[in-house]
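Okay, structure first, notes after.
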Amino acid sequence: MKKIMLTGGKGFFCSRLADYYRDKYEFLVTDKEELDFTDAKAVDACVGEYRPDIIVHAGAIAVTDFCNQHPDVAHRINVDGAVNVAEAAAKYKSAMVFISSEQVFNGNTAGSPFQEEDEAVPNTVYGENKLEAEGLLRNILGELWIARFTWMFGLPERGKNMSNGILWDTLTKLWNQETIVASRHEFRGMAYVYETIANFERLFESPYGTYHLGATNNHSRYEIVEHIIRLLGMEDKLPQVLKEDTVKYLDHNRDVRLDTSKAKEAGMVWTDTWDAVEICLKEFGVIR
Ligand SMILES: NC(=O)c1ccc[n+]([C@@H]2O[C@H](COP(=O)([O-])OP(=O)(O)OC[C@H]3O[C@@H](n4cnc5c(N)ncnc54)[C@H](OP(=O)(O)O)[C@@H]3O)[C@@H](O)[C@H]2O)c1
């Protein structure tokens, strides 16, 4: 069995990944309590002892506003921490997956869907951190997959962390009777988290390099929220609960969609966001 070490192992993505592959891989799940990866010596000791075949470095501060407000903390965790993990991976001959983000393209005003080799222009500290870390890591080890994720969604599960995705955001706002404000000028690929997870075994067999991983989507954020509300059978509530954002992205669309052809050619598959939200709602028994 391949030995896989996870950082950020208790987060939204890795808590589901470890469970999904529990019979296929041996895991060392680490998160802040077990291993603070900003401590280079601790990382070296942990990797040196476990000797993983692959390290999936998912640990990060992924909250954009927090990173903008605390750039030093964000850099220490998102960049310096990733470097610590990469140096240990190189030293102990582990391969590494670095999870990056579509947000490296947040400042690009045209060119979507973006390919792996397109020049990325981030305009948030989080996006800058991810892009800087990608560059540093490429110089540290060759046995590296850089996996740039689109935004993901899922639903809460016992013992697993949740993060904000389009589906859970919409459901919680409906329950709390909050108005949902969404833009017709914002476009993102939004992937069902379990589809990205299911593609990881294929990623591990693919040549090292950078990959765009996630769903394609031809609909605006507004249209996807409207679609979710209709799927829930609540279309009569639409006029009260969903409002169009008339402030953001009027000059030009926010469009961070990724071209995932390279991953698809390597055998990875995703359902388009439109159908994927329905699959998720059905899998969790929210709708029939
Ligand atoms: N979720 C998405 O839609 C999405 C989209 C694109 C890219 N990504 C990337 O995918 C990866 C996983 O995302 P996620 O949604 O699973 O994030 P998450 O739920 O926030 O998980 C990240 C985990 O890393 C931990 N962590 C932070 N600093 C650490 C440190 N110094 N040492 C050890 N652990 C630390 C966090 O602990 P605390 O919670 O206690 O800080 C958290 O448990 C991240 O790299 C993220 O940037 C996610």
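Hydrogens, waters and symmetry mates play no part in the numbers below; they use all other heavy atoms, side chains included. Along the sequence shown, residues carry numbers from 1. Note that ligands are numbered from 1 as they come in the structure, with each ligand's atoms numbered from 1 the same way.
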*If you measure from each heavy atom of I61 to ligand 1, is any distance below 4.0 Å?*
no

_Evaluate Y126 for polar contact with ligand 1, using N/O atom pairs at a separation under 3.5 Å._
yes

*Can R184 be said to sit on top of Y222's aromatic six-ring, NZ or CZ under 6.0 Å from centre and within 45° of the ring axis?*
yes

*Ion pair K2/E26, N-O distance below 4.0 Å*: no

*Could you tell me whether some N/O pair between M152 and ligand 1 is separated by less than 3.5 angstrom?*
yes

*Are any of the N or O atoms of G59 closer than 3.5 Å to those of ligand 1?*
no

*Which option out of A147, G11, G214 puts a heavy atom nearest to atom 21 (O) of ligand 1?*
G11

*Where's the contact between L35 and ligand 1, heavy-atom distance under 4.0 Å: side chain, backbone, both or neither?*
backbone

*Where on A60 is there a heavy atom closer than 4.0 Å to ligand 1, on the side chain, on the backbone, on both, or on neither?*
both

_Value rounded to 0.5 Å, distance of CG in D80 from NE2 in H75_ = 5.5 Å

*Looking only at N/O atoms, are H57 and ligand 1 under 3.5 Å apart anywhere?*
no

*So does R257 pair up with E102, basic N to acidic O under 4.0 Å?*
no

*Nearest heavy atom to atom 41 (O) of ligand 1: which of R148, R76, K32 does it belong to?*
K32

_Result of checking T216, D275, N199 against W270 for side-chain contact (heavy atoms from CB on, under 4.5 Å)_ = N199

*Counting only heavy atoms, which portion of Q103 has something under 4.0 Å from ligand 1: side chain, backbone, both, or neither?*
neither

*Could an N or O of ligand 1 be found under 3.5 Å from any N or O of I77, whether backbone or side chain?*
no

*Flag D36 as yes when one of its N or O atoms lies below 3.5 Å from any N or O atom of ligand 1, and as no otherwise.*
yes

*Taking N or O atoms only and a 3.5 Å limit, does C14 qualify as a polar contact for ligand 1?*
no

*Answer yes or no: does an N/O atom from A58 fall short of 3.5 Å to an N/O atom of ligand 1?*
yes

*Going by heavy atoms, is V63 under 4.0 Å from ligand 1?*
no

*Please state which part of T150 comes within less than 4.0 Å of ligand 1, counting heavy atoms only: side chain, backbone, both or neither.*
backbone

*Taking the six-membered ring for Trp, are F98 and H57 parallel (under 30°), tilted (30 to 60°) or perpendicular (over 60°)?*
parallel

*Which heavy atom in V43 sits nearest to a heavy atom in V85, and how many Å separate them?*
CG1-CA, 3.9 Å

